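Report on the following structure.
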Amino acid sequence: MKDVKWLLKNWGVFLLILLIAVIVGSFMRVRWSESPKEVSEVVWEPPVEIVSDDIAETSAEEDETEADLWFLPQAEYCLITDTEKEELKSMALTAAGQVKEAYKDIEITDELSYGSNIKEFTKEQCREVVSLLGNAGYVSVTEDTNMENYGKIEDFYAAYREKRDAMVTIFDVNRDGLLSVITFIYRESELQTYYVGIGWQKGGIPEVRNTLVSDIAEIKLTEKGYFIYAHEIVIPHSSLRQYYRVKPLSDKCRELTAKYVYGLSYVNYNVLVTNWNSNNVEDILMPCMFEDIYRIYTGENLRTENWRIPADTYEKIMTTYFPVSIEQLREKCGYDEDSNSYEYEMIFASPYPPFGEVVDYSENADGTITLIVDGVWADYNSDLAFTNTIVVQPFGDGTFRYLSNTIEQKELEVPKGGR
């Protein structure tokens, strides 16, 4: 995710990129500027680690750990006291101590101060940690998994709506095993988050890696069950808003989303934003769509030679996944007879795209499946921007065919798709 949660989870990578940019930028300024400005130097000293009772806690004077995340928006003051900060860090470590069994056999790859440093942490391990934290009474979540104890989020939001001071803490298990412990605070009619990053040492010993105080501009808990929030200061190249799916989604809906919807774009071509079936399928045929369909078919990124795609590959995949003929493809998708190939048209990322999730489905007598798909556009504060009805035909070899799509506008206008 190009968002603040992604940055918190991967801030070391971001830091490295930023440092390279600073170095290159400095070089260019020295080379091209006639009167370069003087730049002050910031010296960072690492925090002191104190290990006690199988729990390692990072300690530093005057919140040095907060300075570790200097490239993220840091609030000028915090709504909670220093004592409350220490209590939250202690709670995070206590919770981490209760799930360290899941980390006891981890392999640490290096001594860097960012990320988890865990060589490999599986999706199953992430879900195990979420379950253990949930059983211990904490609000916990990880990617593509239902949130545990989400009622506490609902209670927090109810207090916020009634203008009562409140706090709630979410344990977000990152895909690399790092724990992002995010406390939402509503106090004195203001909103903030207090972030505690929990990393791991060999043997499953947790430690506080960093903390961060951020001002929150707004929060919203939708009826459907998305908790959407916006930071006061939006980081360049990040999302406008961040979100958690609070209410559960069935495993079957998640499975259908992953197989049939994940990987399709609402903004780069017309598959999801045009009403179509076999009678007007030509309306959605565009060269750029092949890149995503290829990825759905192979699970790999498309590689081309001389920006061309062999016709047999292109036509085999497209006639499998759509009710189209070779003649229709050759007319609409840039076929070149001399080279017997199709042009490769690259997809460029669009800012703030929506995504679809299956919320209901029906298995039809003819073997097809009708999917009800909600367009989630959290960047624009909606988890029900529009609704698609997609009919797919599964095949025995694991492939399938999109047979039709209809889209209904709900909270937001339907994107225009490709050209």
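Model, not experiment: these values are computed from the prediction.
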Partner residues of Glu154 under the salt bridge (charged side-chain N to carboxylate O under 4.0 Å, His left out) criterion, sequence neighbours left out: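 With neighbours one apart ignored, the set is empty.
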Any salt bridge between [X] and [Y], counting N to O under 4.0 Å?
| X | Y | result |
| --- | --- | --- |
| Lys89 | Glu86 | yes |
| Lys123 | Glu143 | no |
| Arg187 | Glu84 | yes |
| Lys202 | Glu107 | no |
| Glu207 | Arg209 | yes |

Return yes if a side-chain donor-acceptor contact under 3.5 Å exists between [X] and [Y], otherwise no.
| X | Y | value |
| --- | --- | --- |
| Asp383 | Thr222 | yes |
| Glu315 | Tyr342 | yes |
| Asp374 | Thr387 | yes |
| Asn174 | Ser180 | yes |
| Asp172 | Thr142 | no |
| Glu190 | Tyr77 | yes |
| Tyr243 | Asp379 | no |

Check against side-chain contact (heavy atoms from CB on, under 4.5 Å), Thr193 and Thr183: CA-CA 5 Å; Thr193 57; Thr183 299; over 6 Å; no
In the structure I gave you, are the side-chain heavy atoms of [X] and [Y] within less than 4.5 Å of one another anywhere?
| X | Y | answer |
| --- | --- | --- |
| Tyr380 | Tyr352 | yes |
| Leu179 | Val173 | yes |
| Val281 | Asp283 | no |
| Asn270 | Met286 | yes |
| Val324 | Leu285 | yes |
| Phe184 | Ile170 | yes |
| Pro353 | Trp377 | no |
| Thr319 | Leu329 | yes |

Report, as yes or no, whether the 6.0 Å neighbourhood of atom [atom1] on [X] holds more than 12 heavy atoms from other residues, nucleotides or ligands.
| X | atom1 | result |
| --- | --- | --- |
| Tyr297 | OH | no |
| Glu305 | CD | no |
| Glu232 | CD | yes |
| Arg295 | CZ | yes |
| Tyr262 | OH | no |

Roughly how far, to the nearest 0.5 Å, is [atom2] of [Y] from [atom1] of [X]?
| X | Y | atom1 | atom2 | answer |
| --- | --- | --- | --- | --- |
| Leu221 | Phe227 | CG | CZ | 7.0 Å |
| Ser238 | His231 | OG | NE2 | 8.5 Å |
| Glu87 | Asp82 | CD | CG | 11.0 Å |
| Lys119 | Asp176 | NZ | CG | 15.5 Å |
| Thr83 | Leu88 | OG1 | CG | 11.0 Å |

Might you point out which heavy atoms bring [X] and [Y] nearest each other, and give the distance in Å?
| X | Y | result |
| --- | --- | --- |
| Val139 | Asn149 | CG2-O, 3.4 Å |
| Tyr266 | Val273 | O-CG1, 3.3 Å |
| Ser265 | Asp292 | CB-OD2, 4.1 Å |
| Cys288 | Asn268 | SG-O, 3.4 Å |
| Pro394 | Ile369 | CG-CD1, 3.7 Å |
| Ser404 | Asn277 | CB-CB, 3.8 Å |

Checking the side chain of [X] only, and the main-chain atoms of [Y] only, is there a donor and an acceptor separated by less than 3.5 Å?
| X | Y | answer |
| --- | --- | --- |
| Asn306 | Arg308 | no |
| Thr274 | Trp276 | no |
| Thr298 | Glu300 | yes |
| Asn388 | Ile390 | no |
| Gln393 | Thr368 | no |
| Lys259 | Gly398 | yes |
| Asp397 | Thr399 | yes |

CA sep, side-chain torsions, deciding dist, call: Leu132, Val129, side-chain contact (heavy atoms from CB on, under 4.5 Å): CA-CA 5 Å; Leu132 290 170; Val129 174; 5.5 Å; no
List, one per line, each side-chain donor-acceptor pair under 3.5 Å for residues 247-258, sequence neighbours excluded.
residue : atom : partner : partner atom : Å
Lys247  : NZ   : Glu223  : O            : 3.0
Ser250  : OG   : Cys253  : N            : 3.1
Arg254  : NE   : Asn146  : OD1          : 3.4
Arg254  : NH1  : Asp144  : OD1          : 3.1
Arg254  : NH2  : Asn146  : OD1          : 2.7
Thr257  : OG1  : Cys253  : O            : 2.8
Thr257  : OG1  : Val358  : N            : 2.8

Test side-chain contact (heavy atoms from CB on, under 4.5 Å) applied to Glu218 and Asn381, step by step: CA-CA 10 Å; Glu218 60 176 304; Asn381 234 6; 3.4 Å; yes
Ring pair (Phe, Tyr, Trp, His ring centres under 6.0 Å) assessment of Phe290 paired with Tyr314: CA-CA 8 Å; Phe290 181 77; Tyr314 196 102; 4.3 Å; yes
Parallel, tilted or perpendicular, as decided by the 30° and 60° cut-offs, for the rings of Tyr402 and Phe400: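 Ring orientation, 0 to 90° scale: perpendicular.
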side-chain contact (heavy atoms from CB on, under 4.5 Å) between Asn405 and Val271, intermediate numbers included: CA-CA 7 Å; Asn405 171 75; Val271 172; 5.8 Å; no
Test log, rule salt bridge (Lys or Arg N to Asp or Glu O under 4.0 Å), inputs Glu357 and Lys224: CA-CA 12 Å; Glu357 63 176 5; Lys224 178 179 164 183; 2.9 Å; yes
Output field: ring centroids Tyr103/Phe121 closer than 6.0 Å: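 That pair passes the under 6.0 Å test.
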Qualifying ring-ring contact (aromatic ring centres under 6.0 Å, His included) pairs, either residue in residues 138-169, two or more places apart: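 Found Tyr138-Phe171, Tyr157-Tyr160, Tyr160-Tyr186.
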